[in-house]
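So the structure is just underneath, and the comments pick up after that.
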Amino acid sequence: MKDKNFFITTPIYYPSGEPHIGHAYSSIIADVFARFKRNDGWNVHFLTGTDEHGLKIQKAAEKANLDPLTYCNNISKVFRSLSKKLNLSNDDFIRTTEKRHKVSVNDLWQRLLKSGDIYLSKYKGWYSISDEAYYNEDEIIEKDGKKVSAFSGSLVDWVEEESFFFKLSSWEKKLLEFYEKNKKFILPLSRRNEVINFVKNGLKDLSVSRTSFTWGIKVPNSNNHVIYVWLDALTNYLSALNYPNINDKLYKNFWPASLHVIGKDILRFHAIYWPAFLLAAKIEPPKRIFGHGWILSGDEKMSKSKGNILNPIEIVNNYGIDEIRYYLMKEVSHGSDGNISLNSLENCINSDLANNYGNLCQRVFAFIKNNCSNSIKKNTNISQSDKKIIKQTFDLTKNLRNLIENQDLNNYIKSVINISFLTNKYINDEEPWKLKKDNIKKMNNILHLALEQIAKISILLNPIIPLATDKVLEALNIKSELRNNSFLDGKKIIPDKINIHPLNILFKKIN
Ligand code: ME8
């Protein structure tokens with residue numbers, strides 16, 4: 001069933017230095033969507049990888065005194081191990097130095113040549129090695145006597161060289177029609193407007209090959225040109241599905257991609273160049289580009305060149321992976337930029353994870369262990385306050401799929417953590433500990449409902465904090481194949497009589 005297939009990607013990372021928290025942020029967002037979709041019964045293919053060609057990498061290799069491939073072999077491994085450290089559930093990790101990728105880029109190039117969209121000329125203009133991007137004259141400013149991109153602040157060099165060009169200018173109208181027809185191709189909407197305005201201002205043809213260095217995929221039938229690293233890199237999304245073999249199962253099931261998660265700094269490449277290349281090659285463009293904001297340190301984007309990097313591995317080692325995943329997904333507003341700090345990370349762990357969700361699980365499991373020998377049986381009488389919390393939970397869950405559909409993770413998490421808050425309040429109000437002597441039936445009902453609530457919250461938080469929620473679902477004796485979102489369609493999760501296992505502390509409070 002083609003409709004139930006979901007292909008989601010992260011950007012492929014430049015292995016030009018150590019990974020930082022911005023990389024982790026892009027990856028975790030994509031991982032949360034991948035996990036939610038799996039829990040929602042979709043056949044998911046989740047891709048990440050490394051972007052290994054171009055001048056930026058060639059220079060980084062020279063600096064490290066290594067040939068580019070050895071250099072990339074080393075650093076690509078670091079990114080691969082980061083994906084483990086972040087508990088990413090990726091199905092594949094692609095490297096642009098792999099053969100499957102080169103075959104794919106070659107084929108795309110030939111198609112663009114055949115369709116008449118590529119011609120040979122000369123490039124004269126600005127280029128930023130750090131962004132691997134060409135900039136127009138009106139996008140350049142002077143800072144401390146140096147020419148930099150007004151957009152990114154990166155240094156630019158003047159370049160004059162023979163180059164193949166892609167006829168981007170001829171795709172202007174068709175791109176605008178495409179955006180109009182696919183209103184949610186770019187989210188959030190502020191980014192969509194940004195892109196549309198840029199295109200309306202006029203597109204120039206794009207230089208898609210370089211001759212002043214060699215580290216890249218060679219232009220077919222040309223000795224001295226290598227393919228522009230962005231045309232090369234974007235194609236990874238096709239290579240991983242075994243394009244150009246369009247009869248391959250992966251390609252058939254998963255192209256067009258459902259969602260490319262990217263940072264706003266690489267929006268132009270994904271939302272303008274990529275659909276233009278694909279339309280020209282007569283390949284269907286992806287369905288959605290989601291451009292998240294930047295993680296800031298002070299007021300600046302965190303990046304290697306600015307030297308203000310938080311190391312994700314250190315943070316994971318100090319605080320735990322679920323903790324950092326939850327914090328980044330809840331507190332950094334996904335559409336806009338967000339400041340992060342260890343102080344607000346600690347506050348978030350304490351208030352939401354330790355005091356709210358963690359406490360809810362702990363108190364209910366401990367009470368059932370101490371008073372009911374780990375076993376609870378529901379009976380039919382249901383009280384007004386039971387009805388109330390069931391209704392509140394239903395109201396908070398009915399829009400969750402829609403929030404995920406629109407990449408609104410912040411509000412998704414707020415709704416789910418609110419259910420946990422309301423469940424804690426329900427227990428406080430119902431005071432099951434007072435019913436131990438006289439009304440064991442009612443006490444059992446309250447605890448049963450509390451467990452059902454915990455199961456729901458745990459399944460809904462599972463994409464964000466997989467380790468902790470798996471422990472809870474395990475302790476609830478819920479088989480892994482039943483840990484899915486079908487309760488959103490009205491299915492019950494736990495049986496009327498349930499035996500549970502003791503649960504250890506999930507989140508330690510930070511003092
Ligand atoms: O752009 N805050 O790779 P990259 C949030 N190779 N996100 C950030 C960030 C920050 N401070 N810093 C970086 C590339 N990112 C290309 C991608 S895809 C065909 C090629 C995000 O390693 C950035 O926005 O420079 C991007 O989404 C990702 O990290 C990879 O950045």
Side-chain angles (χ1 to χ4, degrees), residues 8-31 47-57 60 72 75-76 78-79 82-83 86 88 93-97 101 104-105 108 128-133 151-154 191 216-217 227-240 257 259-275 277-278 286 289-312 315 328-329 331-340 407:
I8 174 160
T9 68
T10 72
I12 48 171
Y13 302 100
Y14 287 128
S16 57
E18 294 295 310
H20 60 77
I21 198 82
H23 295 135
Y25 182 58
S26 268
S27 298
I28 296 169
I29 294 179
D31 188 53
L47 174 70
T48 185
T50 41
D51 178 0
E52 305 186 9
H53 291 129
L55 195 49
K56 174 161 157 157
I57 304 297
C72 289
I75 305 221
S76 182
V78 177
F79 278 87
L82 178 74
S83 56
L86 299 176
L88 302 187
F93 184 103
I94 192 161
R95 299 182 55 191
T96 55
T97 43
H101 178 68
S104 187
V105 173
L108 187 64
S128 156
I129 300 177
S130 158
D131 303 346
E132 294 283 20
F151 171 68
S152 66
S154 307
R191 305 241 189 284
I217 299 177
I227 295 177
Y228 173 41
V229 63
W230 270 102
L231 174 51
D232 165 344
L234 287 160
T235 310
N236 89 88
Y237 303 131
L238 290 173
S239 342
L259 175 59
H260 294 317
V261 173
I262 56 157
K264 66 175 187 180
D265 49 329
I266 56 174
L267 188 63
R268 202 180 282 185
F269 306 99
H270 282 83
I272 301 174
Y273 301 169
W274 185 221
F277 294 152
L278 291 170
I289 311 286
F290 175 66
H292 64 71
W294 283 340
I295 293 187
L296 304 175
S297 163
D299 281 330
E300 287 196 311
K301 179 191 171 203
M302 208 173 280
S303 74
K304 193 176 166 232
S305 44
K306 302 206 170 93
N308 56 359
I309 291 174
L310 279 181
N311 180 325
I315 302 189
L328 291 175
M329 296 305 103
E331 300 286 323
V332 181
S333 162
H334 288 307
S336 44
D337 299 344
N339 253 299
I340 60 169
Q407 284 77 51

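We count ligands from 1, going down the list as the structure has it; atoms in each ligand are counted the same way.
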Hey, does I57 have a side-chain heavy atom less than 4.5 Å from the side chain of P15? yes
Taking 4.0 angstrom as the limit and counting only heavy atoms of Y13, give me the atoms of ligand 1 inside it, by number and element. 22 (O), 28 (C), 30 (C)
For H101, which residues count as a ring pair (Phe, Tyr, Trp, His ring centres under 6.0 Å) partner, sequence neighbours excluded? none
Applying ring pair (Phe, Tyr, Trp, His ring centres under 6.0 Å), can you list everything that pairs with F290, at least two apart in sequence or on another chain? none
For H292 and ligand 1, answer yes if some heavy atom of the residue is under 4.0 Å from a ligand atom, otherwise no. yes
May I ask you to list the atoms of ligand 1 that are less than 4.0 angstrom from any heavy atom of H20? 9 (C), 12 (N), 13 (C)
Which of the atoms of ligand 1 are close to W294, meaning less than 4.0 Å from one of its heavy atoms? 2 (N), 5 (C)
Suppose I only count heavy atoms of H270 and a 4.0 Å limit; which atoms of ligand 1 are within that range? 18 (S), 19 (C)
Filtering G293, G22, A133 for the heavy atom nearest atom 8 (C) of ligand 1 leaves G22
Atoms of ligand 1, numbered as shown, that sit under 4.0 Å from any heavy atom of D265: 23 (C), 24 (O)
Could you tell me whether the side chain of T50 reaches within less than 4.5 Å of the side chain of I75, counting heavy atoms only? no
What atoms in ligand 1 come closer than 4.0 Å to a heavy atom of I295? 2 (N), 5 (C), 10 (C), 11 (N)
Do the side chains of P11 and I266 get nearer than 4.5 Å, heavy atoms only? yes
Part of F269 within contact of ligand 1 (heavy atoms, under 4.0 Å): neither
Checking the N or O distance criterion of under 3.5 Å, is ligand 1 in contact with D51? yes
Tell me which one of R268, E132, H53 satisfies side-chain contact (heavy atoms from CB on, under 4.5 Å) with W230. E132
Hydrogens and angles aside, do H20 and Y25 bring a side-chain donor and acceptor to less than 3.5 Å of each other? no
Is any NZ, NE, NH1 or NH2 atom of the basic residue among R95 and E52 found under 4.0 Å from an Asp or Glu carboxylate oxygen of the other? yes
Pair N236, T96 - check side chain to side chain donor-acceptor pair (under 3.5 Å), show working. CA-CA 7 Å; N236 89 88; T96 55; over 6 Å; no
Is there side-chain contact between T235 and F277, with at least one heavy-atom pair below 4.5 Å? no
So is P11 polar-close to ligand 1, meaning N/O to N/O under 3.5 Å? no
Contact check: K264 vs ligand 1, nitrogen or oxygen atoms, below 3.5 angstrom: no
Mind checking whether G263 has an N or O less than 3.5 Å away from an N or O of ligand 1? yes
Give the numbers and elements of all ligand 1 atoms closer than 4.0 Å to a heavy atom of S26. 21 (C), 27 (O), 28 (C), 29 (O)
Between Y14 and ligand 1, does any nitrogen or oxygen pair lie at a separation below 3.5 Å? yes
